[in-house]
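The structure under discussion appears below in the form of structure tokens.
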Amino acid sequence: MEDYQRKRYVAAASTLSKKLERRNFQPIICQNLLEAREQAMKIIDPDKSVGFGGSITIEQSGVIEELYKRGQKIIDRERTKSPEERHQVMKQALLSDYFLTSINGITEEGELVNIDSVGNRVAALTYGPDKVLAFVSMRKVYGDLTATVEMVRKNTAPLNAHRLGLQKTPCIKKGLCGDCLQTECICNTLVITRRSMAKDRIVIFLIIDEVGL
Ligand code: SF4
């Protein structure tokens with residue numbers, strides 16, 4: 001990333017942090033994904049359980065591997081052996097002590113925008129785990145709510161559809177979102193989190209780097 005771009009992200013992260021605090025979120029500015037991982041490792045109590053939702057940013061950070069190395073109890077759907085077991089583990093993760101996730105888009109005013117397929121990720125963000133740790137690149141601060149929802153729907157979701165190798169959705173066939181209602185559709189729940197009821201329950205790691213989808 002160019003130096004001028006980094007400087008802009010640093011200034012924007014400082015402005016956004018104040019707006020996130022007003023909404024009862026806990027912002028932590030991190031220079032890169034490694035710093036975000038280290039901060040998350042410090043926050044997570046080694047004796048408590050951790051669940052996580054599907055996220056490229058979380059995957060890229062290596063935080064799950066680090067947690068396994070120190071013997072953390074992890075509610076891990078990736079280690080299940082059948083769709084039914086996976087489903088049950090995803091439900092258990094909603095009652096974990098900590099939940100790791102990413103955010104699809106943030107408005108300049110600090111509202112969180114997420115789109116989800118099954119809905120487990122946004123369910124955990126909304127209610128359940130006592131602490132949610134969310135990694136997000138400053139690249140995902142898209143503007144006002146309309147612009148952010150549009151970017152999440154028209155950019156992030158089609159990218160995710162390609163990543164997951166869907167076959168029949170318009171975004172796969174034409175490269176553009178067709179607002180589909182296909183069986184394979186991954187855009188089933190669109191959630192706007194404008195404030196947290198519990199102060200500091202949701203920790204937002206604002207990453208001064210271009211990571212994730
Ligand atoms: S609504 Fe359908 S076409 Fe649009 S991004 Fe989602 S899966 Fe693709």
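We count ligands from 1, going down the list as the structure has it; atoms in each ligand are counted the same way. Note that these values count all heavy atoms, side chains included, but never hydrogens, waters or copies made by symmetry.
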Notebook entry, point to check: Which atoms of ligand 1 have any heavy atom of Ile186 under 4.0 Å away?
Noted result: 7 (S)
Next item on the list: Below 4.0 angstrom from a heavy atom of Cys187, which ligand 1 atoms are there? Numbered from 1 as shown, please.
Entry: 1 (S), 5 (S), 6 (Fe)
Checklist line | Value rounded to 0.5 Å, distance of CG in Leu16 from CD in Glu21 | finding: 10.0 Å
Note to self: So that I can check it, does any N, O or S atom in Cys185 come closer than 2.8 Å to atom 2 (Fe) of ligand 1?
What the structure shows: no
Next item on the list: Number the atoms of ligand 1 from 1 as they appear, then name those within less than 4.0 Å of a heavy atom of Arg153, with their elements.
Entry: 1 (S)
Next item on the list: Please name the pair of heavy atoms, one in Ile208 and one in Val10, separated by the smallest distance, quoted to 0.1 Å.
Entry: CG2-CG2, 3.8 Å
Notebook entry, point to check: Roughly how far, to the nearest 0.5 Å, is the CZ atom of Arg86 from the CZ atom of Arg77?
Noted result: 4.5 Å
Next item on the list: Could you find the nearest protein heavy atom to atom 8 (Fe) of ligand 1 and give me its residue, atom name and distance?
Entry: Cys171 SG, 2.3 Å
Checklist line | atom 2 (Fe) of ligand 1 - nearest protein heavy atom and its distance | finding: Cys180 SG, 2.3 Å
Margin query: As a quick check of understanding, evaluate side chain to side chain contact (heavy atoms under 4.5 Å, CB included) for Thr148 and Val141, giving each step before the final call.
Written below: CA-CA 8 Å; Thr148 304; Val141 183; over 6 Å; no
Next item on the list: Around atom 4 (Fe) of ligand 1, find the nearest protein heavy atom and jot down its residue, atom name and distance.
Entry: Cys177 SG, 2.4 Å
Checklist line | Gly178 neighbourhood, listing ligand 1 atoms whose heavy-atom distance to it stays under 4.0 Å | finding: 3 (S), 4 (Fe)
Next item on the list: Taking the side chain as every heavy atom from C-beta outward, state whether Gln88 and Glu84 have any pair of such atoms under 4.5 Å apart.
Entry: yes
Notebook entry, point to check: After noting the C-alpha distance and the side-chain angles of Tyr142 and Glu150, does the key distance pass the side-chain hydrogen bond (donor to acceptor under 3.5 Å, both in side chains) rule?
Noted result: CA-CA 9 Å; Tyr142 294 125; Glu150 182 147 327; over 6 Å; no
